[in-house]
Amino acid sequence: MNPLSPLPLAAALAGLPLGFWARELAIRHAVGEDAPPGHACPRCAVPVGGGLRASVRLAAGRCPGCRARIGPPPLVAEILTAAALAALALRRPWPELAAYGWLAAVAVALIIVDVAVHRLPDRLTAAAFLGTVAPLAVAALTREGAPGLARALLGGLVLTGVYLLLFLVNPDGMGFGDVKFAAALGTALGWLGWDALVTGAFLGFLAGGLYGGALVATRGAGRGGEIPFGPFMAAGAFAVILTGP
């Protein structure tokens, strides 16, 4: 795509409100097991979100009740989402752009949650998968055809199976949320081809392994220490999505 096309700018502008939505999703789900019910602030128990006033305070990364820091720093989710959508608009045609853009927005929320509480919520992993499959199904009708969609779905199944096997072998080293997230990422990569699927999965494992090794080397974590793997899964996948065919 022509870098001077208005589409990347439009995608970036659309990414700002999507990023705020990702921020609110992350805040609602990034709560520990001992947090108050209803996705409330862990400090004052005031429910987060709801109403314009609360939304403005959430955009500043503050609880609408006690004003304590909550969620990611200001504009992190918004800038990440806007940058991802702009980069995708340079590489992916419509309706693939809708699939990968949705996946990017939900992935931002999942990454924030995983970093905060080492969990990938079912609602978000399911939304990532369904929101990726639907536009790819439309793309299959207009461009690639049924074989491309079948390969994408099979890719999601294969990558999910790989992560499920790793989870069964070592439950302490792989969370079941990672297994569910693999369905969306595998589908997105499978649409691009088997080479893309293998490369994206490999890069995710490589990045996670290097990070874990660095933590051990610097005594930041023991050999059995838990690290959030969702960010590395997403990074490996989008490195291929943004550079692949």
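Values below: all heavy atoms of this structure, side chains included; hydrogens, waters and symmetry mates excluded.
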Query raised in the report: Quick one: CG on Leu110 to CG on Asp114, what's the gap to the nearest 0.5 Å?
Result: 8.0 Å
Requested in this report: Quick one: closest heavy-atom pair of Ala89 and Ala11, and the distance?
Outcome: CB-CB, 3.8 Å
Query - Separation between CG of Leu168 and CZ of Phe176, rounded to the nearest 0.5 Å - result: 8.0 Å
Report summary line: Connected to Ile111, directly or through other members, by ILVMFWY side-chain contacts below 4.5 Å are Val115
Query raised in the report: Taking Arg91 for the side chain and Gly244 for the main chain, is one N or O donor matched with an acceptor at less than 3.5 Å?
Result: yes
Query raised in the report: Looking at side-chain heavy atoms only, is the closest gap between Leu206 and Phe202 below 4.5 Å?
Result: yes
Report task. Provide the closest heavy-atom pair for Thr142 versus Pro95 in the form atom of the first, atom of the second, distance. Result -> OG1-CD, 4.2 Å
Query raised in the report: Measuring from Leu16:CG to Glu78:CD, what's the distance to the nearest 0.5 Å?
Result: 7.5 Å
Report task. Answer yes or no: is there a side-chain heavy-atom contact under 4.5 Å between Trp194 and Leu154? Result -> yes
Report summary line: Applying side chain to side chain contact (heavy atoms under 4.5 Å, CB included) to Ala188 and not counting sequence neighbours gives Tyr100, Leu103, Thr132, Ile241
Query raised in the report: Are the side chains of Trp21 and Val106 in touch, meaning some heavy atoms are under 4.5 Å apart?
Result: yes
Query raised in the report: Got a second to check how far Leu185's CG is from Thr160's OG1, nearest 0.5 Å?
Result: 9.0 Å
Report summary line: Sequence neighbours excluded, the answer for side chain to side chain contact (heavy atoms under 4.5 Å, CB included) partners of Ala196 is Leu192, Val240
Query - Closest non-hydrogen atom pair, Thr81 against Ala22 - result: OG1-CB, 4.5 Å
Query raised in the report: Any chain of hydrophobic side-chain contacts (each under 4.5 Å) joining Leu164 to Leu120?
Result: yes
Report summary line: d(Leu136 CG, Glu96 CD) to nearest 0.5 Å is 7.0 Å
**Report entry** Counterpart residues, side chain to side chain contact (heavy atoms under 4.5 Å, CB included), relative to Ala98 (two or more places apart)
**Finding:** Trp94, Pro135
Query raised in the report: Quick one: do Ile227 and Leu166 end up in the same hydrophobic cluster if we chain Ile, Leu, Val, Met, Phe, Trp and Tyr together by side-chain heavy atoms under 4.5 Å apart?
Result: yes
Report task. Would you please name every residue forming a ring pair (Phe, Tyr, Trp, His ring centres under 6.0 Å) with Phe129, sequence neighbours left out? Result -> none
Report task. State yes or no: do Val162 and Phe181 share one hydrophobic cluster built from I, L, V, M, F, W and Y residues joined by side-chain heavy-atom distances below 4.5 Å, directly or via other members? Result -> yes
Requested in this report: Examine distances only and state if a side-chain atom of Arg23 and a backbone atom of Ala77 form a donor-acceptor pair shorter than 3.5 Å.
Outcome: no
Requested in this report: Keeping to residues at least two apart or across chains, list the salt bridge (charged side-chain N to carboxylate O under 4.0 Å, His left out) pairs with something in residues 174-190.
Outcome: Asp122-Lys180
Query raised in the report: Would you say Leu18 and Leu85 make side-chain contact, with heavy atoms under 4.5 Å?
Result: yes
Report task. Not counting sequence neighbours, which residues clear side chain to side chain contact (heavy atoms under 4.5 Å, CB included) with Leu242? List them please. Result -> Ala87, Leu88
Report task. Please report the shortest heavy-atom distance between Pro228 and His118, naming the atom on each side. Result -> CD-NE2, 3.4 Å
Report summary line: For His29 and Arg119 the tightest heavy-atom approach is O-NH2, 2.9 Å
**Report entry** Of all pairs that satisfy ring pair (Phe, Tyr, Trp, His ring centres under 6.0 Å), the ones with a partner from residues 226-245, not counting sequence neighbours
**Finding:** Phe205-Phe229, Tyr211-Phe232
Requested in this report: Specify the closest pair of heavy atoms between Leu159 and Ala201, including all atoms of both residues, with the distance to one decimal.
Outcome: CD1-CB, 3.7 Å
**Report entry** Co-members of Leu80 in a cluster of I, L, V, M, F, W and Y side chains, linked at under 4.5 Å
**Finding:** Val76, Val108, Ile112
Report task. Would you list the pairs meeting salt bridge (charged side-chain N to carboxylate O under 4.0 Å, His left out) in which at least one residue belongs to residues 185-209, sequence neighbours left out? Result -> none
Requested in this report: Drop me the distance from Leu189's CG to Arg151's CZ, to the nearest 0.5 angstrom.
Outcome: 11.5 Å
Query raised in the report: With a cutoff of under 4.5 Å between side-chain heavy atoms, which Ile, Leu, Val, Met, Phe, Trp and Tyr residues group with Val169?
Result: Leu165
Query raised in the report: With a 4.5 Å heavy-atom cut-off, do Leu153 and Leu149 have their side chains touching?
Result: yes
